[in-house]
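To start, the structure itself, in structure tokens.
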Amino acid sequence: LIEADIATHKDRIDAVTAQAERFCQEQHFDADNIRQQEQAIVQRYQKICQAAQDRQGKLAASLKLQQLFRDFDDEDSWVREKERMASSTDFGKDLTGVQNLIKKHQTFESELNTHQQRVQDVLQAAQNLVRERHYAADDIATRKQQLEQHWQNLQRLTSVRKDQLDQSLRYQLYNADIDEEESWINEKISMTRGEDLPDTLSGAQAQVKKHQAFEVDLRTHEGKVRALCSSGEQLVKQGNYQQDNVVQSMTRLRGLIAKLAELATAREEALNDRHRVLQFNREADSIEAWIEDKEPQVAAEHSGRDLPSVQGLIAKQETMDAAVSTFEPRVQALAQAKRQANLTPASAQAVAQREATVQKRWQQLLEACETRKVRLLESQQMFQKIEDMFLEFAQKASQFNSWFENAEEDLTDPVRCNSLDEIKSLRSAHAEFMQSMEAAREKFEQLCALDSKIKSYTQAKNPYTWFTIESLEDSWSNLTEVIKDRQADLDKERQRQESNEELRKLFAQHANEFNAWLGHTRSALVEGSGSLEEQLEATKRKHDEVLGKKAQLKDIEDLGARMEEQLILDNKYTEHSTVSLAQQWDQLEQLSMRMQHNLEQQIQAKNMAGVSEEQLKEYNETFRYFDKDHSGRLDHQELKSCLRSLGYSLPVVEEGQSDPDFEAILAVVDPNADGFVTLQEFMSFMISRETENVESATEVINAFRAAAGEKPYVTAVELQKALTPEQADYCMRHMRHYVDDHGIEVEGGYDYRTFTHSLFTA
């Protein structure tokens, strides 16, 4: 306010100075006085301004001092408060309390570290004022020194408290481990003292396993106790403020663990003793149960009703003996276990009594087994004798029955023979059988004696056979009647075979004669001689002869039918049958027809196409030469050889290779591809080769006219005679029916003129 007031008066001073300056310039009469007054006022104003400025500086210095003193007071107050907290003797009464105090102390240290800068700022401000030679520099230095001492003391107290809290934490952690270990030891001591010994082996085994696990835990906890004692000794050496309590805890813990180890040893000995006793008792129980199970078997009085049952009982007894022998080491091991068991006196006495009881029952079982075995062997000897007789009877009865069944089967077999030799063989076999009847009678009498002997021992049924002496007697009686019937059948069959033999001879005579005629006639047809016309006439005569032999063939077939009725299936006097003879006759009849047709075709070719008779004869003879089997046909290989002999140039090819030239010939001469070429097909081919140079319709028409006998039409029969079957069939399918000049269609006539003109026009 003063400075503001002074500043306000500056304008007035300046105005006075300016007025005085004007008066002086205007040479006021009192100019000198005015100048002096003006200067005095200016000087006094400057003094006032200087005094105000000085006052301002002192007041600022005083303000800094007071502010510094106030900061000193604040920091001193904060430090003294924290010193009280750092000087606290509360280090916690348990682990949780210590951990909470440590957390608080950590917060306190964080606050202290945060406040440290504030203290440093105050001390720095004091140092600056002292350096600036403040009028209260001595007081400032004193207060600065006091604050530094208080701050250092607070840091020392903080460090001491932190160390004491760390000691308290280590002690509380140690004490917590001690408490935990003591709690486990006390629990196990109570458990060891309070548990009863088990009454069963499974319980004992479980308790032993449990105790073994406890022993493992005990070893682990003994190690923990040693570690805790070592940690306690370290705390004592470090001068922990609770070292007296630490020593007491170590002493108490060592005593508890030693006591628990002593109780564990005693518990282990008791459990092992009980386990051995129970194990012995279980084995003894098992042995007695086994003996008790076997006693009813050896005590049975039943010795079997027959040999199989006795043998079954003996097998069971042998199994029992084997089981006893196998089981005996367990009984011996029980006695050994009693001797080796390290038991308390009370347990040893109970085990000895139990072992004596088991041994007594075992000896009784051995004696009963031996008695049972002797009784069964005696019974076996008796039943074995009966069994041997049963078996002997069964074998002899089976042999006798087999002989009887075979004899009955042979005697009752239908007497049907195919020859006189067979019936003679059967009669001879029957005579031999009658000679063996005496030996069979002796065997039958032996069976009767053996049956009487068996019945003297037992009336039981023979288990090895269903035959009885009564059934065998019935069989013997029936056999006599069967023999009589057999003899009558043999006599009847002999008469039938004698009649059949005569029929065979008669059939053979006719068949052989007819077959000879067939062969002779076939040769005559195939080997014809003379001119074509003469051969044709001879062939026609042979054809008529063939037709005349049909009646003789019928007689042979009737004889064959009679043989079939008599079931005559073979004939040693001939190799011919009605079927084969009929087939040969049919073939011969067809051959004569083909021969006629072929000769007519050759004659026609000679007359119409100009083929000479010598050529036709050459073709015919060459064909017959290569027809080695006189079948009237050639296979392809024979045909090729035949053509080569007639001058055809056919190459020799390897097997599997094709022969186009020969295949073209086969397409003409063997159009149905049956693998064979007949004489007619061969002659048609050769004639067609000779007449293939016909060049005009007139020549073809003249040929058809000649075949038709100069008629204007040709019939189907005339076409078939003049042409091959394939050629004739082609003409009949393509020729129109012939119509005469009056418009009337001639039945069976074909118009060869129109057909020929159509061929040449096309």
Side-chain angles (χ1 to χ4, degrees), residues 195-213 215 264-305 307-384:
E195 286 193 57
D196 296 330
L197 293 176
D199 295 328
T200 62
L201 181 60
S202 59
Q205 290 173 342
Q207 288 285 359
V208 169
K209 289 182 179 179
K210 182 179 178 182
H211 187 77
Q212 290 173 349
E215 288 285 348
T265 302
R267 175 70 177 175
E268 181 181 13
E269 293 175 355
L271 284 174
N272 289 334
D273 182 76
R274 178 57 63 90
H275 181 264
R276 286 191 289 271
V277 171
L278 291 173
Q279 196 170 29
F280 180 88
N281 288 337
R282 186 183 71 171
E283 181 65 11
D285 291 341
S286 176
I287 293 173
E288 284 192 308
W290 190 88
I291 294 173
E292 185 176 358
D293 178 65
K294 303 302 179 184
E295 285 174 343
Q297 300 181 32
V298 298
E301 295 295 332
H302 178 57
S303 300
R305 62 182 179 277
L307 183 60
S309 62
V310 173
Q311 290 175 340
L313 293 174
I314 291 176
K316 289 182 179 179
Q317 184 60 38
E318 290 174 349
T319 303
M320 167 69 76
D321 294 341
V324 169
S325 299
T326 303
F327 197 79
E328 187 171 11
R330 288 186 63 183
V331 181
Q332 297 172 353
L334 186 69
Q336 186 69 19
K338 183 202 71 172
R339 291 191 294 270
Q340 293 179 354
N342 184 16
L343 303 174
T344 61
S347 298
Q349 183 179 0
V351 166
Q353 293 175 355
R354 184 66 187 279
E355 192 268 342
T357 302
V358 172
Q359 290 293 343
K360 181 178 179 181
R361 293 192 68 178
W362 177 255
Q363 292 301 323
Q364 292 173 350
L365 179 65
L366 294 178
E367 293 172 0
C369 285
E370 185 63 26
T371 302
R372 174 71 173 169
K373 183 177 181 180
V374 171
R375 187 167 63 252
L376 289 174
L377 291 175
E378 292 174 352
S379 180
Q380 182 186 27
Q381 292 176 356
M382 181 188 69
F383 283 114
Q384 183 64 53

Problem - Under 3.5 Å donor-acceptor, Ser325 side chain and Asp321 backbone - result: yes
Exercise for the section: List the steps, then state whether side-chain contact (heavy atoms from CB on, under 4.5 Å) holds for Leu365 with Arg361. Expected result: CA-CA 6 Å; Leu365 179 65; Arg361 293 192 68 178; over 6 Å; no
Completion exercise
Rounded to the nearest 0.5 Å, the SG atom of Cys369 sits from the CD atom of Glu318 at a distance of 12.5 Å
Practice task
State, with a plain yes or no, whether a side-chain heavy atom of Met320 is found less than 4.5 Å away from one of Arg372.
Solution key: no
Practice task
For the pair Thr371 (side chain) and Glu367 (backbone), establish whether a donor and an acceptor sit closer than 3.5 Å, ignoring hydrogens and angles.
Solution key: yes
Exercise for the section: Evaluate side chain to side chain donor-acceptor pair (under 3.5 Å) for Glu355 paired with Gln359, printing each intermediate quantity in order. Expected result: CA-CA 6 Å; Glu355 192 268 342; Gln359 290 293 343; 3.2 Å; yes
Exercise for the section: Count the heavy atoms belonging to other residues, nucleotides or ligands that lie under 6.0 Å from NZ of Lys373, then report whether that count exceeds 12. Expected result: no
Problem - Separation of Phe327 CZ from Ile291 CD1 (nearest 0.5 Å) - result: 6.5 Å
Practice task
Report yes if the side chains of Gln381 and Leu377 come closer than 4.5 Å at any heavy-atom pair, otherwise no.
Solution key: no
Handout entry: Val324 vs Trp290 side-chain heavy atoms within contact, under 4.5 Å
Key = yes
Handout entry: CG-OG distance between Leu313 and Ser379, expressed to the nearest 0.5 angstrom
Key = 8.0 Å
Handout entry: Partner of Trp362 under side chain to side chain contact (heavy atoms under 4.5 Å, CB included), chosen from Arg330, Glu288, Glu328
Key = Glu328
